[in-house]
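As structure tokens, the structure follows; a few thoughts come after it.
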Amino acid sequence: MLKIDVGYGRVGVLPEHAAALATQVAELAGVRLRGVFTHAGHGYLAESKDGVDKVARLEGERLVETAGRLREAGLALDEVSVGSTPTAAVAMRVAGVTECRPGNYVFHDASQVALGTCGVEDCALTIVATVVSVPAPDRAVVDAGSKTLSSDPLRPKGPGHGRILGRQSYLDKLSEEHGVIAVAQGETFRVGERLRILPNHACVVANLHDQLVGVSQGKVETVIRVAARGRVR
Ligand SMILES: Cc1ncc(COP(=O)(O)O)c(C=O)c1O
């Protein structure tokens with residue numbers, strides 16, 4: 001699969017250079033070019049749902065257009081593959097797209113909610129943290145810091161290191177093992193209280209933990225070992 005850069009500016013060949021490179025690839029012995037693919041990660045920086053949808057349409061259209069150029073150059077392609085959670089719903093509907101590879105949608109997170117991809121009720125991964133100190137009326141501290149929640153920011157932008165479900169207060173500061181809550185007017189926290197935190201970026205959080213606890217209707221149903229954990233070398 002040949003990776004095309006449709007605007008993210010990370011890796012991939014630019015659409016205008018794709019046919020030349022694809023022709024070279026197709027001529028290599030033992031290699032069959034199956035198709036083109038892309039990841040529109042710049043959708044995460046769009047500051048409105050309309051902005052995300054525009055990135056998504058362009059993601060699909062640029063990739064289909066690029067596939068057309070490759071086919072005109074005599075290359076047979078099976079797949080035209082888009083993939084990113086915020087852009088998936090729109091990009092996969094562009095005529096000519098054959099595959100979509102979203103990843104984050106398995107859990108969703110606070111960033112997907114902020115981007116308009118989904119609602120809080122569609123999010124499947126939360127962290128249960130305990131309030132360990134209430135040193136001042138405007139400050140409470142939980143036993144979850146960057147080792148638990150990661151330091152990834154909210155996308156596209158915004159304050160906080162995770163959304164506390166059912167509260168207006170937010171996690172203002174993190175150190176490794178502590179999260180400091182800026183207590184909103186009218187809210188109180190007590191030591192020992194358990195809070196559920198929707199992380200900014202679920203992908204990183206899943207990879208920070210050895211296991212995930214599967215809960216349904218308030219009951220633990222399964223414990224999932226994170227197979228990818230510790231595999232970065
Ligand atoms: C190449 C590629 N495809 C697909 C994805 C999935 O993106 P998302 O997690 O936004 O669904 C990623 C994520 O980084 C990626 O790098």
Side-chain angles (χ1 to χ4, degrees), residues 1-15 17-18 21-22 25 33-64 66-67 70 77-94 96-127 149-158 161-163 198-209 212 224 226-233:
M1 299 282 280
L2 183 65
K3 194 169 198 182
I4 311 295
D5 180 358
V6 294
Y8 187 22
R10 188 173 65 178
V11 289
V13 64
L14 292 172
H17 300 141
L21 183 62
V25 170
L33 184 67
R34 283 190 52 231
V36 286
F37 79 113
T38 195
H39 170 65
H42 49 309
Y44 280 94
L45 303 176
E47 290 186 16
S48 67
K49 180 76 177 103
D50 282 351
V52 174
D53 290 350
K54 188 171 169 209
V55 170
R57 263 192 307 280
L58 286 173
E59 175 186 10
E61 286 169 8
R62 284 188 181 150
L63 198 65
V64 169
T66 307
L70 268 58
L77 303 178
D78 300 333
E79 299 289 359
V80 178
S81 175
V82 293
S84 108
T85 296
T87 63
V90 169
M92 70 195 290
R93 288 195 173 89
V94 172
V97 169
T98 62
E99 183 186 66
C100 189
R101 315 172 325 278
N104 178 275
Y105 86 105
V106 172
F107 298 124
H108 289 310
D109 53 29
S111 291
Q112 300 297 346
V113 175
L115 287 158
T117 314
C118 65
V120 172
E121 67 284 3
D122 301 311
C123 296
L125 186 143
T126 53
I127 286 116
L149 294 158
S150 89
S151 307
D152 275 20
L154 183 73
R155 297 293 187 192
K157 64 178 186 184
H161 297 278
R163 189 164 166 163
L198 185 62
N200 286 344
H201 192 181
C203 307
V204 186
V205 169
N207 191 52
L208 283 172
H209 298 269
L212 309 178
I224 304 162
V226 180
R229 172 108 166 111
R231 299 282 173 205
V232 177
R233 300 200 194 283

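In this text, all values refer to a predicted model and were calculated from it rather than measured experimentally. Counting starts at 1 for both ligands and their atoms, in listed order.
In terms of modelled atom types and a separation under 3.5 Å, the side chain of T38 and the main chain of V82 share no donor-acceptor contact.
Listed by chain and residue number, I4, T66 satisfy the side chain to side chain contact (heavy atoms under 4.5 Å, CB included) test with P15 (two or more places apart in sequence, or in another chain).
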Legend entry - Full working for salt bridge (charged side-chain N to carboxylate O under 4.0 Å, His left out) between K54 and D50: CA-CA 6 Å; K54 188 171 169 209; D50 282 351; over 6 Å; no
Inset, instruction - Evaluate side chain to side chain contact (heavy atoms under 4.5 Å, CB included) for D5 paired with R10, printing each intermediate quantity in order. - result: CA-CA 7 Å; D5 180 358; R10 188 173 65 178; over 6 Å; no
Enumerate the pairs of nitrogen or oxygen atoms, one from ligand 1 and one from the protein, separated by less than 3.5 angstrom; state names and distance to 0.1 Å.
from     : atom 1 : to   : atom 2 : distance (Å)
ligand 1 : 3 (N)  : R101 : NH2    : 2.9
ligand 1 : 9 (O)  : N104 : N      : 3.1
ligand 1 : 10 (O) : Y44  : OH     : 2.5
ligand 1 : 10 (O) : T85  : N      : 3.0
ligand 1 : 11 (O) : T85  : N      : 2.9
ligand 1 : 11 (O) : T85  : OG1    : 2.6
ligand 1 : 11 (O) : G103 : N      : 2.5
ligand 1 : 11 (O) : N104 : N      : 3.2
ligand 1 : 16 (O) : R10  : NH2    : 2.9

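The environment of CZ in F37 is crowded: more than 12 heavy-atom neighbours from other residues, nucleotides or ligands sit within 6.0 Å.
Summarising the geometry of L115 relative to A46, their closest heavy-atom pair is CD2-O, 3.7 Å, with the distance given to 0.1 Å.
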